[in-house]
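Both ligands and their constituent atoms are indexed starting at 1 by order of listing. For reference, positions follow the sequence shown, starting with 1.
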Amino acid sequence: MTFTQLPAALQSWLRTMVERGSTPDAVRQALLAAKYEPRYASDAVNAAWRELVDTAAVLTESERADSVELLNRPDASAASNAQPAPAFPLGSQLADMPNRLQTSDRVVEMLFVIAAPKVVLFGNLLSSDECDQLVALSRVRLQRSSVVNASTGAYDIHPDRTSSGTYFIRSENELLQRIERRIAELVDCPVAHGEPIQVLHYQPGGEYKPHHDYFDPSNAGNRDVLAQGGQRIATLIMYLNDVACGGSTVFPEIGLDVLPRKGHAVYFAYSDDTGMLDARSLHGGSPVVEGEKWIATKWFRQRDYGGPGE
Ligand code: PD2
Ligand code: ZN
C-alpha cells in the first residue's frame, strides 16, 4: 500500500498526526481504537511514515512529547476535525447480511441495509406492548423539545424542532433495562455508551428539520457535550406508533424516507468507510400530516456516557 492509495480523508488525518510529531505507534493505536483493521492500520502508518516523515517539520523533543500527549488524551477526538470517528457499531453483524438478528430476548428483523451512509431498518425491535408502555410513561412528562446551540452550548427552544419530549434515566425501570440490553446486543455497542432514551411526540404539522446528530467539533459550544463520552457515532430511532400520514424520517442526501411503523426502528451511523464523519447522515423528521407520531431515540457515543440523564 502506498500513501497516495489511502482515502483522501485518512491521508489528511495521517499528515496532521505526522506534522504534530506523533509517534507511529501512537497513531497506530489511535487507528485501532477507531476500529480500523490491525493489518490496515499498520500498513497505513508505514505508508504514511515512508511518504511523510522526511518532509514533516522538525520538532523539538518537548513539542513531540506534547503532540503525543494530545493524541492520547481521552477526548482527542474533539481536538481536531481530522480525527477519524470510530468505525460504526453493528459492522460485524452486517457482513453476512442475515435476515434476522437474535438478541437474548427477541428476534429482530433486518429489512434493508444501505452501505453509505450506513442505514439499517429493523423490524420487530419492540413489541406493541413495549411501544404502548413507553408512550404511556412519557405522555405524563412531556416538555417542548430543545436543540443544542453550537455557539453557546445552551439547550434552546427552536422552530426547527416542533415536538415535545422526555428522557428516561438509563436503566430507569425494568422496561428500559430490557430494551437497552436488547439494543446494545443488536448493534454491538455497550449499554454504557448509550445516551438515555429520549421519547418524542409530534402533533400534526410537527417536524424536525434536517440536521446531523453528531456534534461539530469545531464549534466551541459543543465542547461540553463532547466531553461526556466523546462524539456521537450512531442513532437508533424507534417508532412507537403507526402514523396515518407523513412523519417519515427523511435522509435528503440519499433520497430516503423511512415511514414510521410501530415496533420498527431505523439505525444510522455517521462514519464513512475511512472512519470520518459522514455528512450524508443528514436526516430530519418530515411534518406529520395526519395523526400523531411517537418515537424513542437512542444515541451512541464513542465511550461511556456520563452526561445529563445519568
Ligand atoms: O422524528 C424523527 O423521525 C427524527 C428525525 C430526525 C428524529 C430525530 N432526528 C432525532 O431524534 O434525532
Ligand atoms: Zn436526529
Under 4.0 Å from ligand 1 - residues by heavy atom, chain and number: Y202, Y208, H211, D213, I237, T249, H283, G284, G285, K293, I295, T297, W299

Test side chain to side chain contact (heavy atoms under 4.5 Å, CB included) applied to R139 and W294, step by step: CA-CA 10 Å; R139 195 183 287 282; W294 288 89; 3.8 Å; yes

Residue pair V187, F300: steps toward the side chain to side chain contact (heavy atoms under 4.5 Å, CB included) verdict: CA-CA 10 Å; V187 307; F300 304 92; 3.7 Å; yes

Salt bridge flag under 4.0 Å for residues E195 and R170: no

Pair F268 + F251: ring centers closer than 6.0 Å: yes

Atoms of the protein (N/O/S only) found under 2.8 Å from the Zn ion (ligand 2): H211 NE2, D213 OD1, H283 NE2

Pairs involving residues 235-259, ordered by first then second residue, that meet salt bridge (Lys or Arg N to Asp or Glu O under 4.0 Å) (sequence neighbours left out): none

Non-neighbouring partners of K262 that pass side-chain hydrogen bond (donor to acceptor under 3.5 Å, both in side chains), sequence neighbours left out: S128, D132

Q143, CD: over 12 other non-hydrogen atoms inside 6.0 angstrom: no

Residues E172 and R141 bridged, charged N to O under 4.0 Å: yes

Y270 ring center near H212 ring center (under 6.0 Å): no

